Colleague: 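I have a structure I would like to understand better, so I am pasting it below and will then ask my questions one at a time.
Residue numbers start from 1 in every chain, and the chains themselves are labelled A, B, ... in the order their sequence lines are given, proteins ahead of strands. Since this is a predicted model, take the numbers as computed values, not measurements. Below, each value reflects all heavy atoms present in this structure, side chains not excepted, and no hydrogens, waters or symmetry copies.
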There are 2 protein chains.
Amino acid sequence: MDETSQKIIDVTMALVRDKGYVATTTKDIAKDAQINECTIFRKFKGKKDIVLSGMKQQEWRANITPDVFKNVKWNLQEDLEMFMNNYLDRVNADFVNLSIGLRAPQIYDETAALIMKIPEIFIQYLTTYFEKMHDKGKLAEMDFHSLAITIFSSTFGYTFLKASFEDKLIDVKQKDYVEQSVKMFINGIQKNS
Amino acid sequence: MDETSQKIIDVTMALVRDKGYVATTTKDIAKDAQINECTIFRKFKGKKDIVLSGMKQQEWRANITPDVFKNVKWNLQEDLEMFMNNYLDRVNADFVNLSIGLRAPQIYDETAALIMKIPEIFIQYLTTYFEKMHDKGKLAEMDFHSLAITIFSSTFGYTFLKASFEDKLIDVKQKDYVEQSVKMFINGIQKNS
DNA sequence: ATTCATTGCAAGTACTCACTTGCGTGGAGG
DNA sequence: CCTCCACGCAAGTGAGTACTTGCAATGAAT
């Protein structure tokens with residue numbers, strides 16, 4: 001990948017994140033990349049091709065690799081906090097907005113599967129993690145898949161709401177949110193009397 | 001509001017939900033509403049005007065009214081399930097997709113505030129509910145606002161993920177999800193030994 | 001019977017879009 | 001010195017966009 005092509009990809013992905021796929025024009029891309037518009041079409045087949053090329057790069061796919069889940073301590077609090085922080089660090093506001101920017105009928109069919117991979121991996125891993133924790137006697141018997149979905153939903157919900165409305169809706173810092181949530185997930189909120 | 005205008009609004013909102021604001025054309029609207037394209041501009045100032053008119057109607061704003069929270073029983077399990085079900089029934093896949101369809105730079109500035117109102121109301125209400133429950137001695141001392149955000153995030157996350165990926169990602173039914181989540185929120189997941 | 005508002009129809013405007021073409025230029029490698 | 005390649009530049013294509021206009025037909029109210 002030559003320098004110019006990479007610049008085009010980076011600029012395009014940033015524009016899709018900020019304005020959406022349909023509203024991103026090739027003129028915008030050329031201007032931001034400081035190149036001539038026709039150079040875009042010398043490097044790529046078309047607008048869609050740029051985005052699909054970008055989607056193939058780790059950098060624009062939240063850098064999710066298997067070793068995200070490597071440092072498991074088999075301690076509920078530590079591990080859950082680590083999972084949530086790992087997810088929130090990677091699937092940040094930029095990535096959330098990019099995912100939404102890709103929701104255009106002209107392109108969504110070809111990107112949806114890739115976007116879904118990330119939540120899929122997390123939910124799948126969480127489920128097996130809970131099963132193992134149950135085997136170790138550290139977790140009560142329950143529907144582990146459903147549990148994984150609940151915890152993932154709350155993690156995803158937080159980063160999405162942050163990305164959409166910033167601090168206007170949610171003014172809780174990531175660190176505090178993770179700590180507070182995990183505490184509740186583990187111990188529950190009902191008063192023990 | 002005459003019949004034709006209402007038809008135009010309904011068709012437009014449905015198209016924005018399915019294809020996004022930018023990708024929705026006035027030709028599409030005319031075709032779906034079975035009217036001539038110029039009639040649209042006799043009734044409305046322009047495309048943006050149709051959407052903004054639609055946003056003012058309860059029907060296209062998830063029917064959130066204060067009496068959603070009316071039937072509070074002051075029982076953690078019953079109330080949380082009621083809140084979540086009320087939210088999920090109203091903010092369904094259609095509404096989630098509409099909210100995302102409205103995320104276009106040409107219109108988002110004028111709709112973001114309205115969209116944010118709904119989560120705002122829920123989080124606010126949940127927070128005061130938890131404070132009252134604590135006063136009644138049914139809830140441990142904690143950061144109630146942060147708690148409300150966690151529960152709201154998990155509720156929102158579920159409906160959003162359902163709307164985006166349908167059953168391909170999450171195959172848990174709403175009823176089961178709510179029951180399972182509330183159980184965890186209340187009692188925690190750690191094994192009592 | 002006349003009036004009047006609503007709508008359809010056909011044509012058209014000005015603009016923007018993705019994408020193309022032909023030619024010139026500058027710089028790196030042989 | 002020559003070749004080649006990446007790129008800039010200017011101009012243009014055809015299709016699509018939101019939005020407009022003039023005229024005719026319909027039908028309900030007066």
Colleague: May I have the list of side-chain donor-acceptor pairs in residues 147-159 of chain A shorter than 3.5 Å, sequence neighbours left out?
Modeller:
residue	atom	partner	partner atom	Å
A:T150	OG1	A:S146	O	3.1
A:T150	OG1	B:S181	OG	3.0
A:S153	OG	A:I149	O	2.8
A:S154	OG	A:I151	O	3.0
A:T155	OG1	A:I151	O	2.7
A:Y158	OH	A:V172	O	2.7
A:Y158	OH	A:Q174	N	3.1
A:T159	OG1	A:V91	O	2.8

Colleague: Who passes side chain to side chain contact (heavy atoms under 4.5 Å, CB included) against A:N71, sequence neighbours left out?
Modeller: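 In terms of side chain to side chain contact (heavy atoms under 4.5 Å, CB included), with neighbours along the sequence ignored, A:N71 is linked to no residue.
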Colleague: Does any N or O in the side chain of B:R90 come within less than 3.5 Å of the main-chain N or O of B:I64, such that one atom is a donor and the other an acceptor?
Modeller: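 Between the backbone of B:I64 and the side chain of B:R90 there is no qualifying donor-acceptor contact (under 3.5 Å).
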Colleague: Mind grabbing the angle between the end helix axes of the helix from C:dA1-D:dT30 to C:dG30-D:dC1? Five pairs an end, 10° rounding.
Modeller: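 Rounded value for the end-axis angle: 10°.
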Colleague: I need the residues from residues 1-11 of chain B with at least one non-hydrogen atom less than 4.0 Å from DNA chain D; give them sorted by number, or say none.
Modeller: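 Result for residues 1-11 of chain B: none.
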Colleague: Working to the nearest 0.5 angstrom, can you tell me the gap between A:M142 CE and A:H134 NE2?
Modeller: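 Going from the CE atom of A:M142 to the NE2 atom of A:H134 covers 9.0 Å.
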Colleague: Is any NZ, NE, NH1 or NH2 atom of the basic residue among A:E179 and A:K175 found under 4.0 Å from an Asp or Glu carboxylate oxygen of the other?
Modeller: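 So A:E179 pairs with A:K175 through a salt bridge.
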Colleague: Quick one: how far along DNA chain C does chain B reach, first to last nucleotide 5' to 3', anything under 4.0 Å to a heavy atom?
Modeller: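 Span of nucleotides near chain B: C:dT7 to C:dC9.
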Colleague: Are any side-chain N or O atoms of A:N75 and backbone N or O atoms of A:E78, one a donor and one an acceptor, separated by less than 3.5 Å?
Modeller: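 Indeed, once roles are kept as given, a pair shorter than 3.5 Å links the two residues.
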Colleague: Side-chain atoms of residues 109-126 of chain B: list all donor-acceptor pairs with protein atoms under 3.5 Å, sequence neighbours left out, distances to 0.1 Å.
Modeller:
residue	atom	partner	partner atom	Å
B:E110	OE2	B:K48	NZ	3.1
B:T111	OG1	B:I107	O	3.4
B:T111	OG1	B:Y108	O	3.3

Colleague: Sequence neighbours excluded, which residues qualify as side chain to side chain contact (heavy atoms under 4.5 Å, CB included) partners of A:S53?
Modeller: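 Partners of A:S53 by the side chain to side chain contact (heavy atoms under 4.5 Å, CB included) criterion, ordered by chain and then number, come out as A:I9, A:F44, A:D49.
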Colleague: Counting only non-hydrogen atoms, which of residues 33-50 of chain A are less than 4.0 Å from DNA chain C?
Modeller: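 Hits under 4.0 Å, by residue number: A:E37, A:C38, A:F41, A:R42, A:G46, A:K47.
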Colleague: Can you name the side chain to side chain contact (heavy atoms under 4.5 Å, CB included) partners of A:E131, sequence neighbours left out?
Modeller: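 With neighbours one apart ignored, the set is A:T127, A:T128, A:F144.
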Colleague: Is a side-chain donor or acceptor of A:S99 paired with a backbone partner of A:F95 at a separation under 3.5 angstrom?
Modeller: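 Flag set: sc A:S99 to bb A:F95 pair under 3.5 Å.
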Colleague: Measuring from atom CD of B:Q180 to atom CZ of B:F185, what distance do you get when rounded to the nearest 0.5 angstrom?
Modeller: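 Reported to 0.5 Å precision, the distance equals 10.5 Å.
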Colleague: Got a sec, which residues hit side chain to side chain contact (heavy atoms under 4.5 Å, CB included) with B:D2, two or more places apart in sequence or on another chain?
Modeller: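 With sequence neighbours excluded, B:D2 shows a side chain to side chain contact (heavy atoms under 4.5 Å, CB included) to B:T4, B:S5, B:K43, given in chain and number order.
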Colleague: Of the residues in residues 16-27 of chain A, which ones touch DNA chain C at a heavy-atom distance under 4.0 Å?
Modeller: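 Residues of residues 16-27 of chain A that come under 4.0 Å of DNA chain C are, in numerical order, A:T24, A:T25, A:T26.
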Colleague: Does the A:K47 side chain pair with the main chain of A:T25, one donor and one acceptor, at a distance under 3.5 Å?
Modeller: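 Pair absent, no side-chain N/O of A:K47 close to backbone of A:T25.
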Colleague: Could you list all the salt bridge (Lys or Arg N to Asp or Glu O under 4.0 Å) pairs where at least one residue sits in residues 5-31 of chain A, not counting sequence neighbours?
Modeller: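 Checked against salt bridge (Lys or Arg N to Asp or Glu O under 4.0 Å) - neighbours excluded - the pairs reaching residues 5-31 of chain A are A:R17-A:D94, A:K19-A:D28, A:K27-A:E37.
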Colleague: Does NZ or CZ of B:K136 fall inside the cone over B:W74's six-membered ring, less than 6.0 Å from its centre and within 45° of the axis?
Modeller: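 Verdict for B:W74: a cation-pi partner in B:K136.
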